[in-house]
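Naming: A, B, ... by sequence-line order, numbering from 1 per chain.
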Amino acid sequence: MLQVTTLRNERERVLEGLRKRGLDAAADVDRVVELDDRRKELQSRTEDLLAERNSLSREIGDLFKSGRKEEATAKRERVNEIKEATGPLEEQLDATVRELEEALLQLPNVPDHRVPAGATAEDNEVYRPHAGELPKPGAEARPHWELADTYGIFDLELGVRTTGSGFPVFTGQGARLQRALVNFFLDRNTAAGYTEYAPPLLVNEDTARATGQLPDKEGQMYYVQADDLYLIPTAEVPLTNLYRGELLDADALPVKLTGYTPCFRREAGSYGAHVRGLNRVHQFDKVEIVQLARPEESYAKLDEMVDHVAGLLEELGLPYRVLRLCGGDMGFTSAMTYDFEVWSAAQERWLEVSSVSNFETYQSNRLKLRYRTDRGTELLHTLNGSALALPRIIAALLENNQTEDGILLPEKLHGYVGKERLLPVR
RNA sequence: GGAGGAAUGGCAGAGUGGUUGAAUGCACCGGUCUUGAAAACCGACGUACCGCAAGGUACCGGGGGUUCGAAUCCCUCUUCCUCCGCCA
């Protein structure tokens with residue numbers, strides 16, 4: 001959620017930024033400022049009345065103590081009049097605050113000045129192109145969903161039996177590979193100073209709202225009606241919310257968290273050739289990294305996270321590139337996002353495996369996540385990134401490393417998987 | 001699932017209707033003393049919002065109520081603790 005002061009003081013920058021998302025927000029911004037003006041007016045009128053009531057009450061107390069009952073009763077009348085006036089005023093104030101908040105929640109984050117304008121993925125900027133040749137496993141290169149059968153990696157039919165489409169069941173050495181990747185990523189993240197957490201997979205509405213999944217992604221999350229809980233679409237949600245409402249000392253910063261969780265996404269309406277195999281599923285495993293940083297440091301931390309994720313992909317020997325997302329392709333809550341894509345040799349296209357973003361104060365404003373400075377308290381910047389999302393990593397490992405002698409695993413994984421290559425099971 | 005108890009500032013812990021945003025101790029910060037440190041002593045020490053300021057308002061788990069006035073009384077919800085039962 002944007003801050004009203006930002007909308008007031010930096011109106012032009014905000015409008016220009018939102019234009020990069022293809023949004024003309026002038027009317028919305030003006031409406032927020034108007035509502036805030038109204039809020040201030042109602043608040044000060046209400047508080048003036050309350051101040052009078054409080055001081056009269058004190059006088060009444062004194063009068064009673066000194067036994068001057070009639071005077072006390074007279075003042076009590078006046079207090080009752082005040083109460084009649086404050087009631088409706090407070091209702092108006094509450095309604096205005098709610099309206100203000102609703103209006104504010106409709107506005108997405110303002111893109112950083114470096115974010116390119118644009119409507120779709122076409123307009124994303126290749127920030128770090130892939131260096132060197134892309135692997136060519138040959139004309140008979142098989143896509144990962146075919147390899148999965150031969151090598152016994154995962155089974156989509158079994159998932160349909162237990163649940164429905166889009167819930168792959170990892171089997172045998174595939175399940176082992178999955179566990180290996182989770183451990184590898186967590187080990188690398190903790191070595192880089194991220195503290196490991198294993199958070200809940202269901203969250204309440206306040207939590208989903210604080211990181212911005214609500215109201216923006218309402219229909220994308222699985223919702224458990226009986227208990228009013230949402231299945232997390234990413235570990236970002238519980239991890240960032242661990243610090244909701246905190247007021248941190250400056251020397252505690254930056255806070256660095258990592259966590260492995262399954263992620264659940266309804267992906268309503270996405271079908272077709274591009275969603276075959278592991279390309280898009282309803283449940284998948286992901287290891288996430290989160291940072292809470294001082295505003296002046298946050299973009300340096302974003303770079304640090306980008307380098308860290310790049311390091312993971314290099315250790316896995318996967319060809320990748322980094323994109324800087326354009327305004328239209330960026331998430332609702334982000335101020336700047338880098339996407340990592342790995343090359344899928346058989347599908348001959350790039351697959352997104354990580355998204356690393358700086359939310360600036362958009363989340364922390366809702367989270368009420370602040371830190372102490374010499375000047376008082378200030379909102380922190382929140383950042384997060386996948387390090388990494390597993391399914392497409394597995395797809396790329398299978399497709400890129402297929403040989404006549406089996407699927408060769410990157411050296412870093414040998415110890416984790418317990419072997420150097422995957423062999424056919426049928 | 002049943003029975004009881006509790007929720008107060010960074011922590012511990014007073015406070016059961018009146019100027020209490022809240023005693024006291026610890027921690028933290030500034031100072032005195034000291035070659036330096038410790039100890040001792042002195043002082044400062046919550047957050048948000050409104051206001052140019054003076055100042056004001058709100059907050060003692062959440063919500064609602066009683067009252068001229070609520071941390072304090074009532075209702076309700078949540079969480080935690082103890083005991084019993086059940087279960088992984």
Expressed in whole Å, how much space separates the C1' atoms belonging to B:C75 and B:C84?
-> 29 Å

Separation of the C1' atoms in B:G9 and B:A58, to the nearest angstrom = 16 Å

Notebook entry, point to check: Any salt bridge between A:R78 and A:E81, counting N to O under 4.0 Å?
Noted result: yes

For this session: For B:G21 and B:U76, measure between their C1' atoms and round to the nearest Å.
Result: 27 Å

When every non-hydrogen atom of A:P233 is compared with those of A:Q213, the smallest separation belongs to CG-CG, 4.0 Å

Encoded 5' to 3' (Watson-Crick or G-U under 3.5 Å; [ ] crossing; | other strand), RNA chain B becomes ((((((((.[[[..)..(.....]]]..((((.......))))..(((((....))))).[[[[[..)....]]]]])))))))....

Taken to the nearest whole Å, CG/A:D249 to P/B:C11 is 12 Å

Contact string for nucleotides 49-59 of chain B, one letter per nucleotide 5' to 3', B = base within protein heavy-atom range under 4.0 Å, S = sugar-phosphate only, - = neither, reads BSS----BBS-

Task: Pairing of A:E102 and A:R98 as salt bridge, 4.0 angstrom limit - done: no

Check: Parallel, tilted or perpendicular: which fits the ring planes of A:Y338 and A:Y127, with parallel below 30° and perpendicular above 60°?
Finding: tilted

Does a side-chain N-to-carboxylate-O contact under 4.0 Å join A:R13 and A:E16? no

Rounding to the closest angstrom, what is the interatomic distance between B:C77 and B:G2 at atom P?
-> 13 Å

Quantified in whole Å, what is the P atom distance between nucleotide B:G30 and nucleotide B:A39?
15 Å

From CD of A:E59 across to C1' of B:G69 the rounded distance in Å is 12 Å

Residues A:L156 and A:G277: closest non-hydrogen pair is CD1-CA, 4.2 Å

Fill in: B:G61 to B:C11 separation - P atoms, rounded to the nearest Å
13 Å

Ion pair check, A:R128 and A:D307, cut-off under 4.0 Å: yes

- Query: Considering only the P atoms, how many Å lie between B:A22 and B:C28, rounded to the nearest integer?
  - Reply: 24 Å

What's the gap between B:A12 and B:G5 when it is taken at their P atoms, as a whole Å value? 22 Å

Nearest heavy-atom contact between A:D228 and A:Y223 is OD1-OH, 2.6 Å

In terms of heavy-atom contacts, A:T234 and A:C263 come closest through CA-SG, 3.7 Å

Between A:E101 and A:R209, does at least one N-O distance fall below 4.0 Å, as a salt bridge requires?
no

The correct set of residues in residues 75-94 of chain A placing a heavy atom under 4.0 Å from RNA chain B is A:R76, A:V79, A:N80, A:K83

> B:A48 phosphate, OP1 or OP2: any side-chain N/O from A:T377 under 4.0 angstrom?
Replying inline: yes

Tell me whether the rings of A:Y222 and A:F264 are parallel (<30°), tilted (30 to 60°) or perpendicular (>60°). perpendicular

Between CZ of A:R370 and C1' of B:G10 the distance, given in whole Å, is 14 Å

Separation of B:A48 atom C1' from A:L379 atom CG, nearest Å, is 12 Å

In whole angstroms, the gap separating P of B:C29 from CG of A:D251 amounts to 10 Å

Note: for A:I60 and A:R372 on RNA chain B, the residue whose nearest nucleotide lies more 5' is A:R372

So, A:E125 and A:R114, do they make that salt bridge, N to O below 4.0 Å? no

